[in-house]
Amino acid sequence: MAHKFNVTAAANDQFKFDFSYNAEKIFWSENYKQKASAKSAIESLKKNAPEAAVVDLSKDETGTGYRFEIVASKDGQHFVRFVASNGETMVRTETYTSKASAKNAIDSLKKNGPGAEVNDLA
């Protein structure tokens, strides 16, 4: 199976989406009040993720504009968030034991996100 975005229903009549490969969710979003807003966020990811900078906050790097941020959790693991140019987090990953896994998630969205199909499951 290919990579895909899935738009699904969330609590309180809201919507969310994920970026998945097979049954594994790689990135997922916050909730959106409108389905159109979730779909708009997906289109923004498809457009902006491939060229987005990667900033490693665990190394005190900083960045602006669309960017992936590698974040260290309190227990020494890492997760990734994709941040829009306005500073809002659009999606994030699970927490990984290795930073290499976090970087693999970034590479997957950069490479496979633009061509991924969007499934409306809501």
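Fair warning: this is a prediction, and the values are worked out from it, not measured in the lab.
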- prompt: In terms of hydrophobic clustering (I, L, V, M, F, W, Y; side-chain heavy atoms under 4.5 Å; direct or indirect links), are Y32 and F82 co-clustered?
  reply: yes

- prompt: Looking only at atom types and distance, does a side-chain atom of T93 sit under 3.5 Å from a main-chain N or O of V80, one as donor and one as acceptor?
  reply: yes

field: Distance (rounded to the nearest 0.5 Å) between N112 CG and K46 NZ
entry: 11.5 Å

- line: CD (E61) and CZ (R67) are apart, to the nearest 0.5 Å, by 12.0 Å

message: Hydrophobic clustering (ILVMFWY, side-chain heavy atoms < 4.5 Å, transitive) - are V83 and F17 grouped together?
response: no

- request: Report yes or no: does K25 contribute a side-chain atom to a donor-acceptor pair with the main-chain N or O of E94 at less than 3.5 Å?
  value: no

query: Roughly how far apart are F27 CZ and M90 CE, rounded to 0.5 Å?
result: 11.5 Å

task: Please test S73 against D75 for side-chain hydrogen bond (donor to acceptor under 3.5 Å, both in side chains), starting from the C-alpha separation and ending with a verdict.
output: CA-CA 5 Å; S73 59; D75 60 1; 2.5 Å; yes

field: Ring centers of Y21, H3 separated by less than 6.0 Å
entry: yes

query: Hey, does F19 have a side-chain heavy atom less than 4.5 Å from the side chain of I42?
result: no

task: For the residue pair F5 and V91, establish whether any side-chain heavy-atom pair is separated by less than 4.5 Å.
output: no

message: What's the separation between atom CG in N31 and atom OG1 in T8, rounded to the nearest 0.5 Å?
response: 8.5 Å

query: Taking side chain as C-beta onward, heavy atoms only, is K35 less than 4.5 Å from D120?
result: yes

- prompt: Nearest heavy-atom pair of A49 and F68: which atoms, and what distance?
  reply: O-CE1, 3.5 Å

message: Do L57 and R81 have side chains that approach each other closer than 4.5 Å (heavy atoms only, starting at C-beta)?
response: yes

- request: Indicate yes or no: does K4 engage E117 in a salt bridge with an N to O separation below 4.0 Å.
  value: no

- prompt: Looking at side-chain heavy atoms only, is the closest gap between I70 and I106 below 4.5 Å?
  reply: yes

message: Working to the nearest 0.5 angstrom, can you tell me the gap between S29 OG and N6 CG?
response: 11.0 Å

message: Looking at Q77, I'd like to know if its CD atom is crowded, meaning that more than 12 non-hydrogen atoms belonging to other residues, nucleotides or ligands lie closer than 6.0 Å.
response: yes

query: Transitively linked via ILVMFWY side-chain contacts under 4.5 Å: L45 with V118?
result: yes

task: Find the distance between CG (N104) and NZ (K111) and round it off to the nearest 0.5 Å.
output: 11.0 Å

message: Are there over 12 heavy-atom neighbours, none belonging to N86, within less than 6.0 Å of that residue's CG?
response: yes

task: Write down the atom of A9, the atom of F15, and the distance for their closest heavy-atom approach.
output: CA-CD2, 4.3 Å

W28 side chain near K16 side chain, heavy-atom distance below 4.5 Å: no

